[in-house]
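Order of the sequence lines sets the chain letters (A, B, ...), proteins ahead of strands, with each chain counted from 1.
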Amino acid sequence: MNPPPVGEPSRSRLGETSRARHQIRVRMAPSPTGFLHIGSARTALFNWLFARHHNGAFILRIDDTDAARSTDASMREIYESLQWLGLEWDEGGEKGGPHAPYVQSERRDIYEWHVQRLLASGNAYHCYCTPEELDAIRAQSRAEKQNRAYDGRCRHLTQADKERFAAEGRKPTVRIKMPDAPIRVADIVLGTRDISPDTLEDEVIVRSNGMPSYNLTSIIDDVEMQITHVIRGTEHLNNTPKQIAIANALGLNVPQFAHIPLVLDNTGRKLSKRHHGTLVAVSRYREEGYLPAAMLNFVARLGWAFDDKQEIFSVEELIEKFELARVGKSGSVFDIKKLDWLNTHYIGKLDVAARTDAVIPFWEKEGIDVVAEPRERLESIVTAVGERLTKLQDIVPQTRYFFAAPTEYEPKAVKKWWKKDARDILTALGAVLEAVEPFELETVESAMWQYTEERNIKRVAAMQTLRIALTGTSFGPSLFDILVLLGRDEVLARIQRAIQFVK
RNA sequence: GGCGCUAUCGUCUAGGGGUCAGGACGGAUGGUUCUCAGCCAUCAAACCGGGGUUCGAAUCCCCGUAGCGCUACCA
């Protein structure tokens, strides 16, 4: 007895075979209520990759219908984070395009026109319920184990009822009238299913303040902007039948949908601004010194895999190999350890010049005056540090002593390496280093080895004792690199200071 | 409470009626070495449970269970 499902899309599951006639158009539609979320960044990436892979267009739309929470600052931050990641958009944002404006608060007349059509056709109606009444209805529905929170009671208001409410000063919302037929949701990653209409309630599509809400604006803009594929997070899955219903009532064709799994924290919950704060902010990773290439590679592998052997993907490879068909259905935990590994890898791939450039802002941020340093010396330091950088900001603890003598010696290191003979070793080493000619890598090295051999001292003991005197810590680059980079005078001065400290 | 989605090592995943269930991160051990990092080698580590179907099920079907998401005049 059920009427046939509505909303059947015209294309096949993958949508990747029958696209010859139409250009692929996808969009990312953040709401400007804070920084760019790591999950949004992944959604943006998937959209962007899909667009680039198919030579389509990637559109940036700003969903700011929640006026109370949206800010310009947030909008700029989102642009900036996206640009930093290299996810350039073809239309929208501050860039404009043939479907301008791309900011929803500037498109109200478009929504208004559609709402009037809905009202005129009887597919939408005014609802005069107050928030308090709604709360009560919700509570009751829940108690009665109903599957809908709102019962559609204002569908049947008489003209007299409306006038009475209006006289009371109540401002109505507009609700969409949900259909009686099941709605078919065809999802590229999750498959097709029919949603029973009695689980769908009459959503508010225009607030009482006149501002249209998400489910209306989203689908209207997707259609108006000729979006062919809506790729978004699974949290929107339940909105999809509502949006399809709205489009159907308006006689509009819906795009294809692809809901990608959520990004989870290590307890399996959705990563959110609310619970995780700046941990989910793309800008935070930028500030700590993660490379865009690493972020993209990492985030792409959350829910997507190419085969059973490849982990490292350049952006070009990602574009070439990315397919929606290979996106998984289950959520993925954001594992910072793996991001760290990738970041180390990508930093390692930077040549010295590029790595030096990348690291300079991090020195400056910590007040290290790199401008005063010869470029050559900076590059030598970076070379000496080698692969010891997981994040660019690690450059600071790794190299601080190249710019200023240590002000303290790490207690743990001192305890382990500065035994009773530390003073003697330092004194002797000082003499050795004072005498080497010239003060260069090979000469210093052989002089040191000669010393340890003659005195029958363990290399480690001598080296670590000296390392702490010079750097204040027990780890770091080759000690010979450090010696030469510091120069004889500075080395001798630091040895003297250490001897005083040891007493 | 309702509705929906999901389920392979700790994590990201490959595979998929017959495999020693593969790789990577992380972990452990050993090697290289002046330390750390790196690199090399080795090891531990998984098909949510129960029923079917089948000669054979981790794979197909059903039922559970668990987790998550949504449940706003947020998006």
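- Nucleic acid contact for A:S332: sugar-phosphate only, since backbone atoms but no base atoms lie under 4.0 Å from a heavy atom of the residue.
- Each of A:D66, A:D221, A:D64 was checked for a side chain to side chain donor-acceptor pair (under 3.5 Å) with A:Q104, and the lone residue meeting it is A:D221.
- Using modelled atom types and a 3.5 Å distance limit, the side chains of A:Q310 and A:E317 yield a donor-acceptor pair.
- The residue A:R193 sits close only to the backbone: its heavy atoms come under 4.0 Å of sugar-phosphate atoms, none of a base.
- At the heavy-atom level, A:L479 lies under 4.0 Å from base atoms of the strands shown.
- Aromatic ring pairs are classed by plane angle as parallel below 30°, tilted from 30° to 60° and perpendicular above 60°; the pair A:F306 and A:F313 is perpendicular.
- A:E311 comes within 4.0 angstrom of a base, heavy atoms only.
- Between the CE atom of A:M448 and the P atom of B:C34 there is a distance of 11 Å, given to the nearest Å.
- A:T65 comes within contact range of the sugar-phosphate backbone alone, with a heavy-atom separation under 4.0 Å but no base atom that close.
- A:S474 comes within contact range of at least one nucleobase, with a heavy-atom separation under 4.0 Å.
- Contacts of A:F306 with the nucleic acid, taken as non-hydrogen atoms under 4.0 Å apart, are absent.
- The nearest heavy atom of RNA chain B to A:A143 and to A:Y128 marks one nucleotide each, and the one closer to the 5' end goes with A:A143.
- A:K177 and A:D202 are not joined by a salt bridge, as no carboxylate oxygen comes within less than 4.0 angstrom of a charged side-chain nitrogen.
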